[in-house]
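All chains are named by letter (A, B, ...) in the order of the sequence lines, taking the proteins before the strands, and each is independently numbered beginning at 1. Atoms considered below: every heavy atom in the structure, side chains included; atoms not considered: hydrogens, waters and symmetry mates. Just so you know, these numbers come straight off a predicted model, no measurement behind them.
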Amino acid sequence: MLDIKLIRSNPEIAKKNMVDRNGGAEVIDRFIKVDEQRRERLSVVEKLKSNRNTVSEQIGIMKKEGQDAENLVKEMRAVSQQIKEMDEEIRQIDEELTALVMTIPNVPHSTVPVGADEESNRLERQWGTPRDFSFAAKPHWEIGEGLDILDFERAAKVTGARFTFYKKAGARLERALINFMLDLHTVEHGYTEILPPFMVNRDSMVGTGQLPKFEEDMFHLENTDYFLIPTAEVPVTNIYRGEILSEQDLPLYHVAYSPCFRAEAGAHGRDTRGLIRQHQFNKVEMVKFVHPTESYEELERLTANAERVLQLLELPYQVVCLCTGDLGFSAAKTYDIEVWLPSFGAYREISSCSNFVDFQARRANIRFRPQEKGKPEFVHTLNGSGLAIGRTTSAILENYQQEDGSVVIPEKLRPYMGGKERITAE
RNA sequence: GGAGAGAUGACCGAGUGGUUGAAGGUGCACGCCUGGAAAGCGUGUGUAGGGGUAACUCUACCGAGGGUUCGAAUCCCUCUCUCUCCGCCA
């Protein structure tokens, strides 16, 4: 959520932001109006409360001295009633104000290209060269079924569409990738490993911005108010919800493996085959809590950490900077890393690295106390996939496939596969 | 699932209706003392919101939400979490 004071003092900036992000500017006008209304009511009721406090104190003294205070008591009874009514009125105003501010997206950083959709995303760099195939390259689902390491049909029977059984070397490959990435980020990039709960409560979903706006994309558990996490970002960012960290704790780097659960409402008919779009997929996620002055440098480093995985696996990729219209709700700046998928003949997203600046921190109330005394300030939060495991598996199967249907295992991954060099049909 | 106990500031811990935003202690910050340090002494030390150029001032907050009352950290109700014992269980 944005700083209310910022909207109040710079409504024009807030409006331009809404327009750049394909939203309506009327929300801002409504917000300003309701906010004024709130302050006006607030000052009235606070005067009443102040009055009640002094008179109540006086009543106490009078009673102690044995005087009759019945008149004052009667008077205050009326005042209290009035306060109660006004408090209720203000509560309703607050509710509307909160609802309004929750629908306003973050302000993009000045380096973010302005544009309506992915056409305006800016290509930052490319790494590696897509391989030339001397035979017809197959999509990963065909490779996986051919090797009997992926089973989509039975998963559809057992659960439903967009689920998969991994088998044999496929299951091991998925597990190897998880361990490979966790080891890389903890040992070489300085992250602390976390294994979080895979369900969270409503407050956590609100804290990172999945709710209230995107509830239809989430799996909600019946008879509870728990949600299956759509990414480890949710439990990990919420670790420090409502806390004040000390400045020397910053920056905090966390890395977490988790399965991710997404309803994919509104994605009907898209990526229906293969591992690209599943209701449940594995992901290694990096989360950072940093000092506000350093968050943009940290974003570059975070992105580099994710890129490193692809470099070690020798998978060609490119990095794009999302434009204002394509940017997620809470992000101020996002780099998408896209891996080359031969079957698509295109680069597909495999990681998304974002700087949320103080947007999530304000919402989740995560602060730090500056050493030079001073008031607590909001930290800046960042996160990025490091990487999406299912999509990495797809990329390996497709990029490393051989004409005979087998798949060569990237060299750096072999220690995690018991030294195996190649996946073949057994 | 059954029975019981509890939740107060960065931390420990008082406090059962009336200057309690909250005693006392620890920690922390600053100052004095010291050759330097420890000890000692002194001062200060929450968050959020409203008003004011400012000094400042008002309001709210003692797990969360309701209620009783002129007045609630203190009384009542609901919920959440923690702990102990029993049952069950990976």
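Checking B/C58, B/G71, B/G51 against the side-chain heavy atoms of A/S80 singles out B/G71 as nearest. With B/A60, B/C70, B/U19 as the choices, the nucleotide that has an atom nearest any side-chain atom of A/N53 turns out to be B/A60. The side chain of A/R38 approaches B/G49 more closely than any other nucleotide in the set B/C70, B/G49, B/A60. Of all nucleotides listed (B/G51, B/C81, B/U59), B/C81 comes nearest to the side chain of A/Y226. Distances were taken from every side-chain heavy atom of A/K49 (C-beta onward) to each of B/U59, B/G50, B/G18; the shortest belongs to B/U59. With B/G50, B/U47, B/G67 as the candidates, the nucleotide lying closest to the side chain of A/K84 is B/G67.
Residue pairs meeting the side chain to side chain donor-acceptor pair (under 3.5 Å) criterion with at least one member in residues 55-65 of chain A, sequence neighbours excluded: A/E65-A/Q67.
Across the protein-nucleic acid pair, A/Q81 atom CD and B/G71 atom P stand 10 Å apart, rounded to whole Å. Here B/A72 presents its C1' atom at 15 Å from CD of A/E57, a figure rounded to the nearest Å. Atom C1' of nucleotide B/A60 and atom CZ of A/R91 are separated by 16 Å, given to the nearest angstrom. One atom, CG of A/D3, and another, P of B/A48, lie 12 Å apart when rounded to the nearest Å. The separation between A/F378 atom CZ and B/A48 atom P is 7 Å, rounded to whole Å. As a whole-Å value, the separation of A/I93 CD1 from B/G49 P is 18 Å. Between the C1' atom of B/G63 and the CG atom of A/N201 lies a distance of 15 Å, rounded to the nearest Å. Atom CD in A/Q82 sits about 17 Å away from atom C1' in B/G71, given to the nearest Å.
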### Message
Quick one, A/H109 with A/Y296, criterion ring pair (Phe, Tyr, Trp, His ring centres under 6.0 Å). Give me CA distance, side-chain angles, the key distance, then yes/no.
### Response
CA-CA 10 Å; A/H109 189 245; A/Y296 281 97; 3.8 Å; yes
### Task
Take A/D225 and A/F227, measure what side chain to side chain contact (heavy atoms under 4.5 Å, CB included) needs, and give me the verdict at the end.
CA-CA 7 Å; A/D225 210 14; A/F227 294 83; 4.1 Å; yes
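The same atom, C1', is picked in B/A10 and in B/C70; the two are 37 Å apart, to the nearest Å. To the nearest whole angstrom, the two C1' atoms, one in B/G46 and one in B/A29, are 15 Å apart. Nucleotides B/C83 and B/G27 are separated by 28 Å at their P atoms, to the nearest Å. Rounded to the nearest Å, the gap between the C1' atom of B/A73 and that of B/A64 is 15 Å. One C1' atom belongs to B/U74, the other to B/U8, and the distance between them is 11 Å to the nearest Å. Look at the C1' atom in both B/C32 and B/G71: the space between them is 45 Å, to the nearest Å. Of the P atoms belonging to B/U26 and B/G13, the separation is 15 Å, rounded to the nearest Å. Using C1' as the reference atom, B/U57 and B/G52 are 8 Å apart when rounded to the nearest Å.
In terms of phosphate contacts, A/R52 brings a side-chain nitrogen or oxygen within less than 4.0 Å of OP1 or OP2 of B/G71. Contact annotation: A/R39 side-chain N/O to B/G51 OP1/OP2 distance is under 4.0 Å. When the side-chain nitrogen and oxygen atoms of A/R8 are compared with OP1 and OP2 of B/G50, one or more of them lie within a distance under 4.0 Å.
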### Query
With Watson-Crick and G-U wobble geometry limited to distances under 3.5 Å, how should the secondary structure of RNA chain B be encoded in dot-bracket form, using | for bases paired to another strand and [ ] for crossing pairs?
((((((((.[[[..)..(.....]]]((((((.......))))))((((((....)))))).[[[[[..)....]]]]])))))))....
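Between the side chains of A/K333 and A/T111, at least one donor-acceptor pair of N or O atoms lies under 3.5 Å.
Within 4.0 Å of A/R202, counting heavy atoms only, lies no atom of the nucleic acid at all. Contact annotation for A/I59: base contact, defined as any heavy-atom pair under 4.0 Å involving a base atom. Here A/K63 lies in heavy-atom contact (under 4.0 Å) with a base. Within the nucleic acid shown, A/R367 comes within 4.0 Å of sugar-phosphate atoms alone, with no base atom in reach, counting heavy atoms only.
The base of B/G49 sits within donor-acceptor range of the side chain of A/E46, with an N or O pair under 3.5 Å.
Two residues are said to be in side-chain contact when any heavy atoms from C-beta on lie closer than 4.5 Å; A/T186 and A/Y253 fail this criterion.
Taking the six-membered ring for Trp and thresholds of 30 and 60 degrees, A/H185 and A/H189 have ring planes inclined between 30 and 60 degrees apart.
Between the side chain of A/S80 and the backbone N or O of A/R77, no donor-acceptor pair lies under 3.5 Å.
In summary, the aromatic rings of A/F219 and A/F261 are positioned with their centroids too far apart to meet the 6.0 Å limit. Here A/F163 and A/H279 bring their ring centres to under 6.0 angstrom of each other.
Map A/G60 and A/S50 each onto its nearest nucleotide of RNA chain B; the residue landing nearer the 5' end is A/G60.
For the residue pair A/T54 and A/N51, the shortest heavy atom distance occurs at OG1-O, 2.9 Å.
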